Trainee: 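Handing you this structure, nothing more for now.
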Number of protein chains: 2
Amino acid sequence: MRFNTVTIKDIAKALGLSTSTVSRALRGGYEISEETKKTVTEYAEKINYRPNPIALSLKERRSYSIGIVVCEIANNFFSQAINGMESVAYTAGYNVTITQSHERFDREVLNVEHLASRSVDGLLISLSSESADVSYLKDLHKKGLPIVLFDRVTSEIDTHKVIADNFKGAYDATDYLIKLGHKRIAHFTSSAHLSVTGERLEGYKAALRDHGIPFNEDFVKFCGHGGINQEEIDDATKELLALNERPDAIFIAQDKLSTGCLHAIKKIAPDYFTGIKIAGFTNSNVVDLFNPPITAVRQPAFEMGQAAMELLIHLIESKMPVTEFETRILQTQLIVNNSKY
Amino acid sequence: MRFNTVTIKDIAKALGLSTSTVSRALRGGYEISEETKKTVTEYAEKINYRPNPIALSLKERRSYSIGIVVCEIANNFFSQAINGMESVAYTAGYNVTITQSHERFDREVLNVEHLASRSVDGLLISLSSESADVSYLKDLHKKGLPIVLFDRVTSEIDTHKVIADNFKGAYDATDYLIKLGHKRIAHFTSSAHLSVTGERLEGYKAALRDHGIPFNEDFVKFCGHGGINQEEIDDATKELLALNERPDAIFIAQDKLSTGCLHAIKKIAPDYFTGIKIAGFTNSNVVDLFNPPITAVRQPAFEMGQAAMELLIHLIESKMPVTEFETRILQTQLIVNNSKY
DNA sequence: ATCGTGTTCGGGAACGATTGCACAAAAATA
DNA sequence: TATTTTTGTGCAATCGTTCCCGAACACGAT
């Protein structure tokens, strides 16, 4: 604000009052006469006075703004979740600051620290695929920064969490593939230490087990960078194709991996598409337009964002320190041929 | 920052110095003895001191942060542009704050004003499809807020601008369709008062003219909300299908409209796809997976973001008031069958 | 006449950092 | 030895706002 130099002082000077009186008049302080209040508010209105949020932040040590950290906004799941968060924050009078970690731990730390030093009142974060050590977050949380984890969470931090039912989503997708007659189902997933990776892997295994299909280690491909670089996916695909017994279906655990895998197959072995069935987690709005059709496990991203923001604001505005935390689990949807299955 | 209470005062007290000395020692002031400097910096390091950006913003009336306003982050073009902006800002020591207008004028104004009051050092903005009146931006610009417009610009504001060569992009796409043998080419576009709409429409018209094809008013469909609601697109599609002489190709001027149109046709008249050719502006990373294949006009979004941020930072850091402004025009690419045409 | 008791307002200290100016002590010069 | 210069440090104002205290005044009760 190098401009908008209308301050409370200007009002005070113009009206022959003190800054304290003006401040109280504007805040509706009970100790100010109706008349003064009227004069002040009318004048403030006239000269278009806006309180300086920076000065307020310095004084109040809060900012009415909330920090969001995701790995990529160019990811349908996250952009939808952010929209959900915004919608709740907006009505509650908070602003949001969106940052991206690009799946890198150092960027994540930098973002979080910058947000914290900027006095965000709270933090919504989905961990990067590199984030194995979350002690920096833990410290901040201990110092009193309200945090709500969503999507990629960690048991290291005791706070509210919002996740999709990853186990069930993975189970349903795998189960669907099996019921279509597939028996050799591969699994593409991301970094092994992400919460979602484990949960989805378990769902996949459980579905196999329930149908008496043996689990094959070779069929599981971890792409540590979560689809950030296509090369990783290409390599995994090649490995799969090099197997004696090629898989006849693939279940993919991540949005970017799903499209990445389609690209890879299309590029490396387009004929392989015939007969193979692919199901994967994705919140893309255009899955129904995909040529090798894909069965989508869709997360309620918008609702997850809303829930996370609601929990965070509750945490921020709670008078008492909150000690009971909840993990909200939202159900996924299996989308087959553009309709709910 | 309700925690991280390590301030310059704490250091001063602990070391028996004044705050001014500590400040100067940390800043590397030439007037401080080497010994004191060392003591101070070492102690600051030890207790992990971080200067409070809020206090700095208040004092310096700048924040080393840059505001970005786009209509939707869930749009490939914008998320890619944002990545370009971030990359430049990051190396120059600036942070970015991303906000969304959701194609609404009131949200845009709210975002801009919030950013300005938060002392952003500059603003990068692509106008919403509702933004006909930009006087609020003009005022801010006059007051000294550095602004760079990108993508959807306006001639109302005299400043740096970064756009794609929309005319040529549209011309190339239309020309491509014509050369494939199509003569009845419809045009889907968004709000009429957006700069990009006009430029792309002109490119479309010019290509028709150059090939001696008459311009048909009925073939042009304006979707004012830019693809935010699918209904609008469905209606436009129906109108097109109801024509006596149905178009045999469509050129689409917007990312969301392109996919929206594919959805519409797929839903309303799937058989219509046979023989019809679609070309459209889109920065989707998955166009090659689309079933009704689409010829894409791809904007160099990342580079546009970089250019815009470079120009803005230049504006911010310029000692002299800048009076000469440039409009940087970047070339689009026609992507046919997943490769540059 | 004195003492509460409101009511309405102003003074001034915070919040964290920078910085012009003043001032001391030490060093250099006359 | 006296004076000037250099060097290192502190004081206090500033940014815009809030809020604790206290001041001034009026009014009714004692």
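Values in this document were obtained by computation on a predicted structure and should not be read as measured data. Scope of the values below: all heavy atoms of this structure, side chains included, with no hydrogens, waters or symmetry mates. Each chain gets a letter, A, B and so on, in the order its sequence line appears, and its residues count up from 1.
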Trainee: Describe the nucleic acid contact of Thr36(A) in one word from base, sugar-phosphate, nothing, applying a heavy-atom distance below 4.0 Å.
Mentor: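 Sugar-phosphate contact only.
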Trainee: Please compare Leu58(B) and Glu60(A) by the position of their nearest nucleotide in DNA chain D and report the one closer to 5'.
Mentor: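 Upstream on the strand: Leu58(B).
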Trainee: Any base atoms under 4.0 Å from Leu17(A), or only sugar-phosphate, or nothing? Heavy atoms, all strands.
Mentor: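 It contacts sugar-phosphate atoms only.
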Trainee: If you check every side-chain atom of Leu56(B), which of dG16(D), dT17(D), dT18(C) has the closest atom?
Mentor: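 It is dT18(C).
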Trainee: Check salt bridge (Lys or Arg N to Asp or Glu O under 4.0 Å) between Glu326(A) and all other residues, then give those that pass, not counting sequence neighbours.
Mentor: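 Glu326(A) satisfies salt bridge (Lys or Arg N to Asp or Glu O under 4.0 Å) with Arg328(A) once adjacent residues are dropped.
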Trainee: Round to a whole Å and report the spacing from CZ of Arg61(A) to C1' of dG16(C).
Mentor: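 To the nearest whole Å, that distance equals 9 Å.
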Trainee: Among dT18(C), dT17(D), dC19(D), find the nucleotide with the atom closest to the side chain of Ser20(A).
Mentor: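 The listed nucleotide nearest to Ser20(A)'s side chain is dC19(D).
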Trainee: Is it true that a side-chain atom of Ser135(B) and a backbone atom of Lys138(B) form a donor plus acceptor pair closer than 3.5 Å?
Mentor: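 Absent.
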Trainee: How many Å lie between NZ on Lys9(B) and C1' on dC15(C), as a whole number?
Mentor: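 About 7 Å, once rounded to whole Å.
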Trainee: How long is the line joining CG of Asn52(B) and P of dA14(C), in whole Å?
Mentor: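 It is 18 Å, rounded to the nearest whole Å.
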Trainee: Using atom names, set out every protein N or O paired with an N or O of nucleotides 22-27 of chain C below 3.5 Å, distance rounded to 0.1 Å.
Mentor:
none

Trainee: Identify each donor-acceptor pair in which a side-chain atom of residues 39-47 of chain B lies under 3.5 Å from a protein atom, sequence neighbours left out, and give them as a table.
Mentor:
unit_1	atom_1	unit_2	atom_2	d
Thr39(B)	OG1	Glu35(B)	O	2.6
Thr41(B)	OG1	Lys37(B)	O	2.8
Thr41(B)	OG1	Lys38(B)	O	3.1

Trainee: Excluding sequence neighbours, so at least two apart, what forms salt bridge (Lys or Arg N to Asp or Glu O under 4.0 Å) with Arg104(B)?
Mentor: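 In terms of salt bridge (Lys or Arg N to Asp or Glu O under 4.0 Å), with neighbours along the sequence ignored, Arg104(B) is linked to Asp106(B).
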Trainee: Is a donor-acceptor pair below 3.5 Å formed from side chain Arg24(B) to base dG10(D), judging by atom type as modelled?
Mentor: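 Indeed there is one.
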Trainee: Counting side-chain heavy atoms from CB outward, which of dA17(C), dG16(D), dG12(C) is closest to Thr19(A)?
Mentor: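 Output: dG12(C).
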Trainee: Between Ile8(B) (CD1) and dG10(D) (P), how many Å, whole number?
Mentor: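 Atom-to-atom, Ile8(B) to dG10(D), this comes out as 12 Å.
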Trainee: Take Asp121(B) and Leu312(B) through the test side chain to side chain contact (heavy atoms under 4.5 Å, CB included) and record every step on the way to the result.
Mentor: CA-CA 9 Å; Asp121(B) 296 346; Leu312(B) 181 62; over 6 Å; no
Trainee: Take the protein atom OH of Tyr64(A) and the nucleotide atom C1' of dT17(D), then report the distance between them rounded to whole Å.
Mentor: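 The answer, rounded to whole Å, is 14 Å.
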Trainee: Which part of the nucleic acid does Ser33(B) contact within heavy-atom distance under 4.0 Å: base, sugar-phosphate only, or nothing?
Mentor: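 If one applies the 4.0 Å heavy-atom cut-off, Ser33(B) turns out to touch the sugar-phosphate alone, with no base involved.
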Trainee: Closer than 3.5 angstrom, by distance alone: can the side chain of Thr36(A) be matched with the main-chain N or O of Ile32(A) as a donor-acceptor pair?
Mentor: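 No; zero donor-acceptor contacts below 3.5 Å.
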Trainee: Do the side chain of Ser18(B) and the base of dC11(D) come within less than 3.5 angstrom through a donor-acceptor pair of N or O atoms?
Mentor: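 Absent.
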Trainee: Whole angstroms only, please: what is the CD1-P distance between Ile54(B) and dT18(D)?
Mentor: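 Distance check: Ile54(B) CD1 to dT18(D) P gives 15 Å.
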Trainee: Tell me whether the side-chain N or O atoms of Lys59(A) pair up with the base of dT18(D) as donor and acceptor below 3.5 Å, since no angle test is needed here.
Mentor: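 Such a pair exists between side chain and base.
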Trainee: Toward the 5' end of DNA chain C, which comes first, Ala55(B) or Thr21(B), by nearest nucleotide?
Mentor: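 Result of the comparison: Ala55(B).
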Trainee: Which nucleotide in the set dT18(D), dT18(C), dG16(C) lies at the smallest distance from any side-chain heavy atom of Arg27(B)?
Mentor: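 Comparing dT18(D), dT18(C), dG16(C) against the side chain of Arg27(B), the answer is dT18(C).
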Trainee: What residues form a side chain to side chain contact (heavy atoms under 4.5 Å, CB included) with Thr159(B), not counting sequence neighbours?
Mentor: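 Checked Thr159(B) against side chain to side chain contact (heavy atoms under 4.5 Å, CB included); matches are His141(B), Leu149(B), Ile157(B), Leu315(B), Phe325(B).
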Trainee: Have a look at the helix from dA1(C)-dT30(D) to dA30(C)-dT1(D) and give the angle its two end axes make, five pairs each, rounded to 10 degrees.
Mentor: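 Here the local axes at opposite ends form an angle of 80°.
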Trainee: I'd like to know if Arg152(B) and Glu103(B) make a salt bridge, using a cut-off of under 4.0 Å between side-chain N and carboxylate O.
Mentor: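 Looking at Arg152(B) and Glu103(B), the cut-off is met.
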Trainee: With ring pair (Phe, Tyr, Trp, His ring centres under 6.0 Å) as the rule and sequence neighbours excluded, what pairs involving residues 86-115 of chain A come up?
Mentor: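 Qualifying pairs, neighbours excluded: Tyr64(A)-Tyr94(A), Phe105(A)-Tyr136(A).
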Trainee: For each nucleotide in nucleotides 23-28 of chain D, reading 5' to 3', give B when a protein heavy atom comes within less than 4.0 Å of its base, S when such contact involves only the sugar-phosphate, and - otherwise.
Mentor: ------
Trainee: What pairs meet the salt bridge (Lys or Arg N to Asp or Glu O under 4.0 Å) rule with one or both residues in residues 5-16 of chain A, with sequence neighbours excluded?
Mentor: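 Qualifying pairs: none.
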Trainee: Who pairs with Glu317(A) by salt bridge (Lys or Arg N to Asp or Glu O under 4.0 Å), at least two apart in sequence or on another chain?
Mentor: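 Glu317(A) satisfies salt bridge (Lys or Arg N to Asp or Glu O under 4.0 Å) with no residue once adjacent residues are dropped.
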Trainee: May I have the distance from Arg50(A) (atom CZ) to dT17(D) (atom C1'), rounded to whole angstrom?
Mentor: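 Computing the Arg50(A):CZ to dT17(D):C1' distance gives 16 Å.
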Trainee: Filter on salt bridge (Lys or Arg N to Asp or Glu O under 4.0 Å), then keep only pairs touching residues 17-29 of chain A, sequence neighbours left out; what's left?
Mentor: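 Output for this query lists Arg24(A)-Glu31(A).
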Trainee: Would you please name every residue forming a salt bridge (Lys or Arg N to Asp or Glu O under 4.0 Å) with Glu86(B), sequence neighbours left out?
Mentor: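 Glu86(B): no salt bridge (Lys or Arg N to Asp or Glu O under 4.0 Å) contacts found.
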Trainee: Measure CD/Glu34(B) against C1'/dT7(D) and give the value in whole Å, please.
Mentor: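 From Glu34(B) CD to dT7(D) C1': 13 Å.
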